[in-house]
> 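Below are the structure tokens for one structure; questions will follow.
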There are 2 protein chains.
Amino acid sequence: MVTTRGPAPGRRDRKKAATRQALADAALKLFLERGYDNVTVKEIAEAADTAIATLFAHFPAGKEALILADSGERLESLTAAVRERPEGTSVLDALHAFFAARGPFNDNLPDEYRVRVDLVLRTPALWAYARKVWVDCQPSLAELLAEAAGVDEPDDSLHVLARYVLETPDLASYRPDRRAALAEAFAHLKQGWPHL
Amino acid sequence: MVTTRGPAPGRRDRKKAATRQALADAALKLFLERGYDNVTVKEIAEAADTAIATLFAHFPAGKEALILADSGERLESLTAAVRERPEGTSVLDALHAFFAARGPFNDNLPDEYRVRVDLVLRTPALWAYARKVWVDCQPSLAELLAEAAGVDEPDDSLHVLARYVLETPDLASYRPDRRAALAEAFAHLKQGWPHL
DNA sequence: GACAAAATCAGAACGAGTCTAGTTTTGCAA
DNA sequence: TTGCAAAACTAGACTCGTTCTGATTTTGTC
């Protein structure tokens with residue numbers, strides 16, 4: 001496995017990471033050039049000079065995962081946003097700020113990110129996958145909310161809130177003014193869960 | 001097209017409907033016997049004595065659609081539930097009652113439905129498709145909500161509510177006490193949209 | 001240098017879904 | 001009744017994502 005800040009990644013891990021990166025890079029390049037649906041995994045594997053089987057060994061979640069972060073990474077940032085929120089900020093405000101700073105809601109992103117976000121936004125398969133990955137964080141976010149609310153186990157109410165929160169970016173992205181829709185949604189959620 | 005209460009469906013329409021029904025029946029039977037994932041569309045087509053191409057001509061939305069109603073039908077019942085709600089009942093209460101009487105939340109269903117609901121509930125692909133079909137009703141439900149709220153066009157707020165409402169059955173079905181979770185969700189939504 | 005684990009490989013196989021090009025059935029009208 | 005166009009249906013080839021098999025190479029370690 002790739003050592004996250006361990007003694008020093010050996011040659012094996014470096015090569016593995018390089019292969020993975022080559023696949024991700026090739027995928028992004030081809031998707032941007034020709035559109036997600038017009039690129040086959042075979043072409044991506046060839047561009048990265050690997051076998052198709054290797055591609056799926058690195059990205060078992062499939063073609064979409066080649067350019068989208070998994071729930072692990074997302075959950076990390078989400079956790080940080082909640083746990084390290086400024087003193088006096090409500091959980092829901094922190095979550096609102098977290099999403100407002102991300103992909104589709106922040107216009108001040110470096111071009112490198114921008115093109116990627118636009119690609120996802122205009123590709124239904126990718127957007128659906130992104131939503132799924134967020135929603136997969138529901139149980140963990142519910143735990144986080146329980147922690148913030150000072151209870152041991154998340155109950156129905158917190159699971160419902162977690163789901164609504166994670167559903168919101170998807171929903172808001174379909175509206176003409178994405179940022180306004182996001183704000184509107186969080187305003188209502190704060191009414192429904194006044195203590196969070 | 002199948003005439004819905006027109007003069008009298010001719011032979012052609014009757015045969016077409018029969019083929020469609022044969023496909024749906026064969027699919028349900030095989031899914032129940034061996035599980036959704038262990039049945040191929042080829043087997044279904046053979047059991048219904050049709051070609052695979054015919055199967056997809058009748059169900060272009062794919063394998064899942066063989067046993068799940070499309071948004072058209074769902075929307076009809078949803079519309080009725082909202083428009084014909086008893087005097088003095090809020091829209092959200094009507095929607096709550098509507099879902100509480102359906103599939104996963106009502107234990108008093110005839111066996112014929114019960115087995116189907118259980119199949120959907122225990123098959124991720126089917127459950128995901130069912131959610132999608134509900135969520136596809138979002139724009140229409142937002143219109144309905146606008147109508148009930150006495151405004152011309154649904155704004156962000158109503159689209160958000162529509163989405164949360166349609167997301168709720170899926171969400172609640174994953175909780176240990178589905179009915180309780182459904183009620184909990186609607187209770188919060190009523191706080192967030194007190195006028196509906 | 002030997003050996004096991006991990007990474008990679010080519011290619012076959014599978015299932016969903018699309019496409020093509022042709023055949024049969026049906027409704028309708030001359 | 002016949003003629004004809006539209007609709008329904010068909011077999012089979014094809015694409016694409018994904019999995020499987022079984023082998024080969026690369027790497028870390030002893």
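Every chain is numbered from 1 and lettered A, B, ... according to where its sequence line falls, protein lines coming before strand lines. Fair warning: this is a prediction, and the values are worked out from it, not measured in the lab.
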> May I have the distance from L55(B) (atom CG) to dC9(D) (atom C1'), rounded to whole angstrom?
13 Å
> For the residue pair E167(A) and R131(A), establish whether any side-chain heavy-atom pair is separated by less than 4.5 Å.
yes
> Taking salt bridge (Lys or Arg N to Asp or Glu O under 4.0 Å) as the definition, give me every residue that meets it alongside E73(A), ordered by chain and number, with sequence neighbours left out.
none
> Give the rounded distance in Å between these two atoms: OH of Y129(A) and P of dG17(D).
15 Å
> Please determine whether a side-chain nitrogen or oxygen atom of T40(A) lies at a distance below 4.0 Å from atom OP1 or OP2 of dC16(D).
no
> Rounded to the nearest Å, what distance is computed from the NZ atom of residue K42(B) to the P atom of nucleotide dC14(C)?
10 Å
> Residues of residues 57-70 of chain A with any non-hydrogen atom less than 4.0 angstrom from an atom of DNA chain C: list those, numerically ordered, please.
H58(A)
> Over how many whole Å does the gap from D49(B) atom CG to dT10(D) atom P extend?
7 Å
> Report yes if at least one side-chain N or O of K15(B) is closer than 4.0 Å to OP1 or OP2 of dT26(C); otherwise report no.
yes
> Looking only at the side chain of T50(B) (C-beta and beyond, no hydrogens), which of the listed nucleotides dT10(D), dA10(C), dT19(D) gets closest?
dT10(D)
> Across the strands shown, which category fits I52(A) at heavy-atom distances under 4.0 angstrom: base, sugar-phosphate, nothing?
base
> Select one nucleotide: of dA16(C), dT19(D), dC9(C), the one nearest the side-chain heavy atoms of A53(A).
dC9(C)
> Listed by chain and number, what are the ring pair (Phe, Tyr, Trp, His ring centres under 6.0 Å) partners of H58(A), not counting sequence neighbours?
none
> Should C137(A) and L166(A) count as side-chain neighbours, where that means a heavy-atom distance under 4.5 Å?
yes
> When you check the gap from the basic side-chain N to the acidic O, do D118(A) and R114(A) get nearer than 4.0 Å?
yes
> Of the nucleotides dT10(D), dT18(C), dG17(D), which has the atom closest to the A51(B) side chain?
dT10(D)
> Give a yes/no answer on whether the side chain of T19(B) brings an N or O atom under 4.0 Å of OP1 or OP2 in dA8(D).
no
> What ring pair (Phe, Tyr, Trp, His ring centres under 6.0 Å) pairs are there with at least one residue in residues 62-103 of chain B, not counting sequence neighbours?
H96(B)-F186(B), F99(B)-W134(B)
> How long is the line joining CD of E46(B) and C1' of dA11(D), in whole Å?
12 Å
> Say whether S157(B) and W193(B), considering side chains only, have a donor N or O and an acceptor N or O under 3.5 Å apart.
yes
> Do you know which of R102(B), R179(B), R178(B) makes salt bridge (Lys or Arg N to Asp or Glu O under 4.0 Å) with D107(B)?
R179(B)
> Need the bend value for the helix from dG1(C)-dC30(D) to dA30(C)-dT1(D): angle between end axes, 5 pairs each end, nearest 10°.
0°
> Among all residues two or more places apart in sequence or in another chain, which pass the ring pair (Phe, Tyr, Trp, His ring centres under 6.0 Å) test with Y36(A)?
F31(A)
> Considering only side-chain heavy atoms of K16(B), which listed nucleotide, dT18(D), dA8(D), dC20(D), is closest?
dA8(D)
> What is the distance, rounded to the nearest whole Å, between atom CD1 of I44(A) and atom P of dG17(D)?
8 Å
> Give the rounded distance in Å between these two atoms: CG of L23(B) and P of dC9(D).
9 Å
> Can you find a pair of side-chain heavy atoms, one from T79(A) and one from L141(A), that are under 4.5 Å apart?
no
> Using atom CG of D13(B) as one end and atom P of dA8(D) as the other, report the distance to the nearest whole Å.
8 Å
> According to a strict under-4.0 Å criterion, is T54(A) in side-chain N/O contact with OP1 or OP2 of dC9(C)?
yes
